[in-house]
Amino acid sequence: MRIKLEPLRQEAVKNWQELQSFGQPIILVGAATCGRASGALDVMAAIGEKMKELEIDAIVRQTGCVGMCHSEVLVDIIKPGRPRITYAKITPELAKELVEDYLVHDNAREDLAICVQGETPDEDLQVRVVMRNCGHIDPNSITDYLAQDGYMGLAKALEMMPQEIIDEVKVSGLRGRGGGGFPAGRKWESCLQVESDQKYVICNADEGDPGAFMDRSVLEGDPHSVIEGMAIAGYAIGASKGILYVRAEYPLAIRQLKIAIEQAKERNLLGENILGSGFSFDLDIFQGAGAFVCGESTALVLSIEGKRGMPKPLPRPRTSEEGLWGKPTLLNNVKTFACVAQIIHRGPDWFKSIGTEKCPGTAVFALTGKVNKCGLIEVPMGIELDKIINEIGGGVAGGRAFKAVQTGGPSGGCLPADMLNLPVDIDSLTAAGSMMGSGGMVVMDDSTCMVDVARYFLEFSLEESCGQCAPCRVGTEQMLTILKDITQGKGREGDIDLLVEMGKAIIDGSICGLGQSAPNPVLSTIRYFRDEYEAHIRDKECPAKACKALITYTIDAEKCQACGRCLKACPTQAITGAKKTPHTIDSDKCDKCGICFSECPDRFAAVLITTGGTESSN
Amino acid sequence: MVTLYIDDIQVSVEKGSTIFDAAQKVGVYIPTLCHHPELHTFGGCRVCMVEANGKLVTACRAPVTDGMVVRIDAEGARKVQRMVVELLLTKHNEDCQTCVKDSNCKLQEVANYVGITPERMAMLRRSVTEVEIDESNPFFNIDRTRCILCGICIRTCEEINGVTALDFGFRGEHTAVVTMGNKKLAESTCESCGECMERCPTGALARKNYERPNREVKSVCGYCGVGCGIHLGVRGDRVVSVRGDKDNPVNKGQLCVKGRFGYNFVNHPDRLTTPLIKRDGELVEASWDEALDLVASRFKEIIDESGPNALGGISSARCTTEDNYVFTRLIRSLGTNNLDHCARL
Amino acid sequence: MKKEDVKFQEIFSRYKGDREELIPILQDTQAIYGYLTDPAMCAIARFLRVPQSQVYGVSTFFAQFYFTRRGKHAIKVCLGTACHVKGAGRLMEAFEREMGIGCGCITDDYSFSLERVNCVGACAIAPVVMVGEDVYGHVESKRVKEVLETYADKT
């Protein structure tokens, strides 16, 4: 089959090389969701406008997300004979300047550039497997993908026996990237072993974790890598039909996928008799209607069947044996499929050389929260947390103190500063009371209240609970009520032990993974930040000064310069004062919205937040 | 057959049985709220948790295996049971005295089994969701402050009656048993058979104007030819309830809306207790002899005047098969085949 | 028949009438009406031969579906984790205060509705607010008025 792919590939490589060495400059704009949210489309329009005005010829292309969300909008310019330069935080105005300065006057504008040759600044720490093409190729162009050895894995796989493919995946040690970490090869094998007239491959792209957008970026930036992985899986287990289960909230990803599927079909890389191998594989997109619990395999399958996504209780057959419409169904995450094509193409030993022995490969994290450089990162398994946060992430923002890092979303937990040397992999995070989950990583500083964070995640889990089993439904509700009481200063002695006891019973008693992990954020914050809970309960004090009920805003009369900013901004007219008269806050009227605190200029720092007797100012 | 040990009691049951089945066989009590022998297993309440071969499983779903060692009162299981029951109570209407199901309530039974203490309950936060009672159905009410979301009503409506007027709606803390559009029961496709109400483990689905009978009388429902077996609940000289006879092979305990709720006419003051004869345009009470004599003499007159085919007989589906048979013999003996039955009308 | 009703009837010609088409049909229906009406759900139940109660049960399970008319401009405050630690809770309160309605409500003139979403995947520019398809990043409480005013004239 590789022979059949070769002409396609050669043509694509030629195109790609021509593109790189063409007489015209190429301008690439990162236009994934985060880029667009920062105005990527306006930037593109501005570039087009300026080019017209100056009568310059250049190729303007869209790319996916390279991961440096902290520097959006990202624009790359490749001038003939020059290395590729990446520019950060480009506004439409800056884009116009850039076009004129670099393309006309040959001033490369080093002040705006962050790196050269498409290398991320921390290249030595990051390894790109899943995201290798994101931000580098045009996701709407299958030839771009083919030029990066795309579909080579599929072509090679079609020359192998199904069991050989599965053996390669097993040797590679690839584990599911959706959160469970189950060995992918073993799952595939159990699908292969079941005799059935019809089997299905489903890609779970229903990314529901709040604070995670890895899957979206891969689908938006490199949709073919997922399609190729699914086709390989289809051939390996004997399935002729695949379903991409994508969140309806990801319209751009759905659009890119539809285009990619069409392109693959046109080139006989999907559909009937792929590359003349006799193997046929079709792909459909199912738009998930918004239910976090549909990350559970049985719930996901039920929702495709048009039912409520309520996970089936144990004992029940595995989805790989009896899944969609009772047929064997292989369900893997976006990133798992994205790894597969390369494992087949480059061999399992290459994959094993990355990461740790028990967790080979890379981990993709959405690094967000109070960190200087938010964005998507891909690191080898086993890297220390510290390196991720302080080197790749550039440390805690605003010079504040690091307090905790949350991984695994609502199923995970919070790890404190003394865990920063923890090597990150699927097992180590679980052992530490957290989870890798699908890859959200939220950094918190000393202004984040851990009780409030626990409350936040529990609120999410309760809202997303399917409601069928009592421990999850009423248990998380009770825990949430207790946490709300604690954050409002109504906590009671014994509440902490009650939370722990209840959390354990919910874990033991719940039907599915959602309930079994919902108490994790509470249990892990109690484990590492128990003193903070105690401060709320005993001293009615929120050490992070975040819980509204436990803080008061006052103005230091000596520091106040009576500038009137806070007075003007206060939405509840709680502040009184006049020119040259220090302002005061009427605590009865104060809604504790914090606007005065952020309005007061840093050089005055007159607005104070008090909790249980301690004070702080900005 | 599979042999297992439940709290060291050896028991052999058929392959495919559950731990719950096996425990029942040897008379070992396992608490449950959502399990019902006539319905598909749900496994949502988690109260029947036991330890089997060292792992926590729900007895209602877990199949038995040879040599399985089951601990009913394992600590882990007890903790889950207790938490679930305590927490269901924090969301449950506390007013047991006014509840129809008082002393006949599964939640009370299970709470009693796990042992609820005031000290523990005081630690927990109560939050009964305020929902108006749905009184739209003429025969029973839905009080969602007493609902524990066991789903028995939903499964009953789908599996027993095939109407499926109910389903789970919403999710999380808002999960509720709903009709289409969350409308009142009377505006839904509900046929008011009351099967759900019969199976509801708590007072969430409860009979209106319920009176507890002093005694029961076994009978056959007189509404149609099916002949469902019933137990009439009697209080003094009044019929105050009807329940299906589970041992009756015809209906196995099930009833329709008429059979279950249409008994009030028995106690009605306007109910006919003697025959009536129209005299001078007025219906007047008469004895059976008078009435039968009148019918016989008028039949005779009509046959003499116009022949037997001027007569006809219509019988009722509410009569027993035997009554209907005798009726056909009577009419045919008068010399006519003009016979019909109300079920054909 | 209203234009929407005609479009709604056309949906059925694109499907076979199998249960697994329920969620896609509900999505198409909402795209026409903006929310799911009771008559539409009953018609879908008839078409798919699925009990009405179950159509409602499925619809209410998924966060995507609405059952009341929405505001012309749907304001979605992201309460994802990254937004939460960057003060999205207070931002939501600011919107509630400024709009005079609670989360999940609609203004009397149907010009705005306010709701929360659990992550729009733009965590790097948290806290995030979406108005229709427009995304606003790094929104501070004091910018709330400004955001609302942008759309006030467009109603």
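Since the structure is predicted, the reported quantities are computational estimates derived from the model, not experimental observations. Chain naming here is simple, since letters A, B, ... match the order of the sequence lines and numbering starts at 1 in each. No hydrogens, no waters, no symmetry mates; every other heavy atom, side chains included, goes into these values.
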Does the side chain of B/P63 reach to within under 4.5 Å of the side chain of A/P315, using non-hydrogen atoms?
yes

Heavy-atom side-chain contact between B/K184 and B/I142 under 4.5 Å = no

Requested in this report: Check whether any side-chain heavy atom of A/M502 lies under 4.5 Å from a side-chain heavy atom of A/L499, and answer yes or no.
Outcome: no

If one checks every heavy atom of B/M123 against chain A at 4.5 Å, the contacting part turns out to be both

Whatever's closer than 4.5 Å to a heavy atom in chain B on A/L314 counts as backbone

I'd like to check A/P471 versus B/M83 (side-chain heavy atoms, cut-off strictly below 4.5 Å). Are they in contact?
yes

Suppose we count any N or O donor within 3.5 Å of an acceptor, strictly below that value; which pairs fall between chain B and chain A?
unit_1: B/G44; atom_1: O; unit_2: A/A470; atom_2: N; d: 3.1
unit_1: B/R46; atom_1: NE; unit_2: A/G509; atom_2: O; d: 2.7
unit_1: B/R61; atom_1: NE; unit_2: A/L314; atom_2: O; d: 3.4
unit_1: B/K91; atom_1: NZ; unit_2: A/E477; atom_2: OE1; d: 3.1
unit_1: B/K91; atom_1: NZ; unit_2: A/E477; atom_2: OE2; d: 3.0
unit_1: B/R120; atom_1: NH1; unit_2: A/E501; atom_2: OE1; d: 3.2
unit_1: B/R120; atom_1: NH1; unit_2: A/E501; atom_2: OE2; d: 3.3
unit_1: B/R120; atom_1: NH2; unit_2: A/E501; atom_2: OE2; d: 3.1
unit_1: B/A122; atom_1: O; unit_2: A/R492; atom_2: NH1; d: 2.8
unit_1: B/M123; atom_1: O; unit_2: A/R492; atom_2: NH1; d: 3.3
unit_1: B/R125; atom_1: N; unit_2: A/Q478; atom_2: OE1; d: 2.7
unit_1: B/R125; atom_1: O; unit_2: A/Q478; atom_2: NE2; d: 3.0
unit_1: B/R125; atom_1: NE; unit_2: A/D485; atom_2: OD2; d: 2.7
unit_1: B/R125; atom_1: NH1; unit_2: A/D495; atom_2: OD1; d: 3.0
unit_1: B/R125; atom_1: NH2; unit_2: A/D485; atom_2: OD2; d: 3.4
unit_1: B/R125; atom_1: NH2; unit_2: A/D495; atom_2: OD2; d: 2.7
unit_1: B/I148; atom_1: O; unit_2: A/R473; atom_2: NH2; d: 3.4
unit_1: B/F168; atom_1: O; unit_2: A/R308; atom_2: NH1; d: 3.0
unit_1: B/F170; atom_1: O; unit_2: A/R308; atom_2: NH1; d: 3.2
unit_1: B/F170; atom_1: O; unit_2: A/R308; atom_2: NH2; d: 2.6
unit_1: B/R171; atom_1: NE; unit_2: A/E463; atom_2: O; d: 3.0
unit_1: B/R171; atom_1: NH1; unit_2: A/G290; atom_2: O; d: 3.1
unit_1: B/R171; atom_1: NH2; unit_2: A/E464; atom_2: OE1; d: 3.0
unit_1: B/R171; atom_1: NH2; unit_2: A/E464; atom_2: OE2; d: 3.1
unit_1: B/G172; atom_1: N; unit_2: A/S465; atom_2: O; d: 2.7

Ranking A/L480, A/L498, A/V293 by heavy-atom pairs under 4.5 Å to chain B gives rank one to A/L498

Looking only at atom types and distance, does a side-chain atom of B/E14 sit under 3.5 Å from a main-chain N or O of B/M1, one as donor and one as acceptor? no

*Answer whether the closest heavy-atom distance between the side chains of A/V451 and A/C547 falls below 4.5 Å.*
no

From the list B/L88, B/V57, B/V47, B/V80, the residue making the most non-hydrogen contacts under 4.5 Å with chain A is B/V80

task = Describe, in one word, how the ring planes of A/F292 and A/F460 are oriented to each other, choosing from parallel (under 30°), tilted (30 to 60°) and perpendicular (over 60°).
result = perpendicular

Main-chain N/O of B/D143 paired to B/N141 side chain as donor or acceptor, under 3.5 Å: no

Minimal heavy-atom distance between A/I496 and A/I526, with the atoms involved, is CG2-CG2, 3.7 Å

The interface call for B/L56 against chain A, heavy-atom contacts under 4.5 Å, is side chain

Pair count under 4.5 Å, heavy atoms only, with chain A: among B/A176, B/C45, B/G169, highest is B/G169

So, the part of B/L33 with a heavy atom under 4.5 Å from chain A: the answer is neither

(request) Assess whether side chain to side chain contact (heavy atoms under 4.5 Å, CB included) is satisfied between B/T156 and B/N161, documenting all intermediate values. (result) CA-CA 7 Å; B/T156 302; B/N161 210 0; 6.0 Å; no

If one checks every heavy atom of B/F170 against chain A at 4.5 Å, the contacting part turns out to be backbone

Counting heavy-atom pairs under 4.5 angstrom with chain B, the leader among A/C472, A/G475, A/A291, A/C466 is A/C466

